[in-house]
Amino acid sequence: MRIPDFKLERYFAKWEFTAPHLLCSSDIEGWRMSDVLALADSDGRERWERLTLGYTETAGLPALREEIAKLYRGVGPEQVLTFAGAQEAVFILMNVLLGPGDHVVVTWPGYQSLYEVARAVGAEVSLLRLREEDGWTLDLEALKRELRPNTKLVVTNFPHNPTGALPDAETWKGLFALAEERGAYVFVDEVYRLLEYEPRDTLPAAVELSERGLSLGVMSKAFGLAGLRVGWLASRDAALLARCVAYKDYTTISNSAPSEVLSLIALRAKERVLARSRDILTRNLAVLDDFFARQSDTFRWVRPRAGSVAFPKLLGSLPVAEFCQRLVEKEGVLLLPGDVYDFPGNHFRLGLGRTNMPDALARLERFCETLGR
């Protein structure tokens, strides 16, 4: 397989562990190990204390798959397969499901692997552009124009990274209806699901809506446990899952045993874990509302509806990549320019899931005051 460099990850490789202030992180503030263990019930604590560092089951710890299944209506543990992060799930699914002659529609901007892996396995990819003037949400008529007789897969990411957009319920159901008409699978990157700012806006998961709905989840985003590297795929297609688990024999074979137990502990306490995440977002959104009101001559943004990222636009003629470079060099604050998505329009990704976001934002505002000098 030949595949282009992952521009976002290469950008982070340069700056993520050297810039003092990350204002573009897509995840929620990471938990401390001691705090996760404090969440454990008696079974979780016993599993942790008796844990041996051997191989684990390829499909995932049965108790963990059972807990993941509870995140969805009508899904059993046999319909869940775990991976070493969401990235492995994307890679394996695309390799198992797609090949030359297949067509894929992918919402854009988006995480590069959601379309680049499909291209690398020989499928033809159409990028469905989300537009700022539409609130970054899904245009069903535009999707309909992209669908073809050989469209095998529609890939979406809602709540959306990097914009924080979320379709309404009618549009969401319309997406699945269009796919059903053509016999296409719908693969939804749902890693920000359960971080809706209004609980009533939470959409049904893909696996709940369709026999061909594929739901991608991970411990990294909503749960603030990126270091565990545990992701999953939920599907009602037993044959597809069997092919995925067989392919996993050529990648990681099995997950990390400590990560599985820690994930199990966190998911059994998911209401407390998610409450922490939502509290961080609520406080940071209030700070951002004030910031963008003050800086309306410098930035424009569509306020996100869910998740821990937004995609503001830098106004004026200064290219956003140059703006981000100067900012990190002068203030040590890292933003992610829209160039890493190959997306036009001078946008940048801003993260709102870290507790030190107000400090980083103050440095950004100080930098903005020097631009006109």
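Quick caveat, the model's predicted, so the values are computed rather than measured.
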Open item on the list: Quick one, E124 and R148 - any side-chain contact, counting heavy atoms below 4.5 Å?
Closed with: yes

Open item on the list: In the structure I gave you, are the side-chain heavy atoms of K152 and L98 within less than 4.5 Å of one another anywhere?
Closed with: yes

Open item on the list: Tell me if the aromatic rings of F12 and F17 count as close, with their centers under 6.0 Å from one another.
Closed with: no

Open item on the list: Applying a strict under-4.5 Å side-chain criterion to I, L, V, M, F, W and Y, I'd like to know whether L233 and V104 cluster together.
Closed with: yes

Task: N-O pairing of E116 and R119 below 4.0 Å - done: yes

Open item on the list: Looking at every non-hydrogen atom in both residues, tell me the closest pair between R65 and P77 and how far apart they are.
Closed with: NH2-O, 3.2 Å

Open item on the list: Are the side chains of L178 and L147 in contact, using a 4.5 Å heavy-atom criterion?
Closed with: yes

Open item on the list: Do L209 and V105 land in one hydrophobic cluster if side-chain heavy atoms of ILVMFWY residues count as linked below 4.5 Å?
Closed with: yes

Task: Min side-chain heavy-atom separation T151-E146 under 4.5 Å - done: no

Task: E57-S254 side chain donor-acceptor pair, cut-off 3.5 Å - done: no

Open item on the list: In terms of relative ring orientation, are F311 and H347 parallel, tilted or perpendicular, with 30° and 60° separating the classes?
Closed with: parallel

Open item on the list: Would you say the rings of F343 and W108 are close, in the sense that their centroids are separated by under 6.0 Å?
Closed with: yes

Open item on the list: Can a side-chain donor-acceptor contact be found between S26 and K221 if the only test is distance below 3.5 angstrom?
Closed with: yes

Open item on the list: Pair K70, E67 - check salt bridge (Lys or Arg N to Asp or Glu O under 4.0 Å), show working.
Closed with: CA-CA 5 Å; K70 293 177 183 177; E67 209 60 45; 3.5 Å; yes

Task: Stepwise salt bridge (Lys or Arg N to Asp or Glu O under 4.0 Å) test for D237 and R212 - done: CA-CA 7 Å; D237 188 330; R212 288 176 172 259; over 6 Å; no

Open item on the list: Please tell me whether L130 and L166 are part of a single hydrophobic cluster in this structure, the criterion being side-chain heavy atoms less than 4.5 Å apart.
Closed with: yes

Open item on the list: One pair to check against salt bridge (Lys or Arg N to Asp or Glu O under 4.0 Å): R283 and D279. What are the steps and the verdict?
Closed with: CA-CA 6 Å; R283 288 186 281 108; D279 180 64; 3.0 Å; yes

TODO: Evaluate the side-chain proximity of V106 to L128: yes if any heavy-atom separation is below 4.5 Å, no if none is.
DONE: no

Open item on the list: Within the 4.5 Å heavy-atom criterion, are L350 and W301 side-chain neighbours or not?
Closed with: no

Task: For D168, all residues meeting side-chain hydrogen bond (donor to acceptor under 3.5 Å, both in side chains), sequence neighbours excluded - done: T171

Open item on the list: Can you confirm if the NZ or CZ of R276 lies within 45° of the ring axis of W31 and under 6.0 Å from the centre of its six-membered ring?
Closed with: yes

TODO: Would you name the heavy atoms of T58 and K248 that are closest together and state the gap between them?
DONE: O-NZ, 2.7 Å

Task: Point-to-point distance, once rounded to the nearest 0.5 Å, from CG of L335 to CD of Q325 - done: 12.0 Å

Task: Centroid separation F83 to W232 less than 6.0 Å - done: no

- [ ] Verify whether one side chain among D339 and Y11 offers a donor that lies under 3.5 Å from an acceptor in the other.
- [x] no

Open item on the list: Can you give me the closest heavy-atom contact between M357 and G351, atom names plus distance?
Closed with: CG-O, 3.8 Å

Task: E141 with R145: basic N within carboxylate O range, under 4.0 Å - done: no

- [ ] Check the side chains of E9 and Y111 for a donor-acceptor pair under 3.5 angstrom, ignoring hydrogens and angles.
- [x] yes

Task: Min side-chain heavy-atom separation W48-P258 under 4.5 Å - done: yes

Task: Heavy-atom closest contact (F176 atom, G213 atom, distance) - done: CE2-CA, 4.4 Å

Open item on the list: Go through it in stages, so that I can follow the logic: the residues are D43 and R268, the test is salt bridge (Lys or Arg N to Asp or Glu O under 4.0 Å), and I'd like the CA-CA distance, side-chain angles, deciding distance and then a yes or no.
Closed with: CA-CA 10 Å; D43 176 71; R268 284 179 172 171; 2.7 Å; yes

Open item on the list: For the backbone of Q112 and the side chain of Y341, can you confirm whether one donor and one acceptor N or O come within less than 3.5 Å of each other?
Closed with: no

Open item on the list: Could you check whether D342 pairs with K7 (Lys NZ or Arg NE/NH1/NH2 to Asp/Glu carboxylate O, under 4.0 Å)?
Closed with: yes

- [ ] Give the cluster check for L153 versus L216: same hydrophobic cluster or not, with ILVMFWY residues linked at side-chain heavy-atom distances below 4.5 Å.
- [x] yes

Open item on the list: So that I know where these two stand, are F299 and F291 an aromatic pair - ring centroids less than 6.0 Å apart?
Closed with: yes

Task: Nearest-0.5 Å distance, CZ of residue R229 to OG1 of residue T252 - done: 11.5 Å

- [ ] Return the minimal non-hydrogen interatomic distance between D27 and R354, and the atom names on each side.
- [x] OD1-NH2, 2.7 Å

- [ ] Could you tell me whether a side-chain N or O of R305 sits under 3.5 Å from a main-chain N or O of E196, the two making a donor and an acceptor?
- [x] no

Open item on the list: Keeping E322 on the side-chain end and P319 on the backbone end, is there a donor-acceptor pair under 3.5 Å?
Closed with: no

Open item on the list: Hydrophobic clustering (ILVMFWY, side-chain heavy atoms < 4.5 Å, transitive) - are V191 and L64 grouped together?
Closed with: no

TODO: Indicate the atoms forming the closest heavy-atom contact of G338 with V320, along with that distance.
DONE: N-CG1, 4.2 Å

Open item on the list: Between Y247 and N95, is there a side-chain donor-acceptor contact under 3.5 Å, judged purely by atom types and distance?
Closed with: yes

Open item on the list: Taking D359's backbone N and O only, do any of them form a donor-acceptor pair with N356's side chain (distance below 3.5 Å, no angle check)?
Closed with: no

Task: Backbone of A84 reached by a side-chain donor or acceptor of E88 within 3.5 Å - done: yes

TODO: Determine yes or no for a side-chain-to-main-chain donor-acceptor pair under 3.5 angstrom, with E260 supplying the side chain and V230 the backbone.
DONE: no

Open item on the list: Checking side-chain polar atoms at under 3.5 Å, does T298 have a donor or acceptor matched by the opposite partner on Q295?
Closed with: yes

TODO: Indicate whether any N or O donor in one side chain lies under 3.5 Å from an N or O acceptor in the other, for S113 and Q87.
DONE: yes

TODO: Give a yes-or-no answer on whether the side chains of N255 and T82 include a donor-acceptor pair shorter than 3.5 Å.
DONE: yes

Task: Test item: side-chain donor near acceptor, H160 and T107, under 3.5 Å - done: no

TODO: Check whether any side-chain heavy atom of F187 sits under 4.5 Å from a side-chain heavy atom of M94, and report yes or no.
DONE: yes

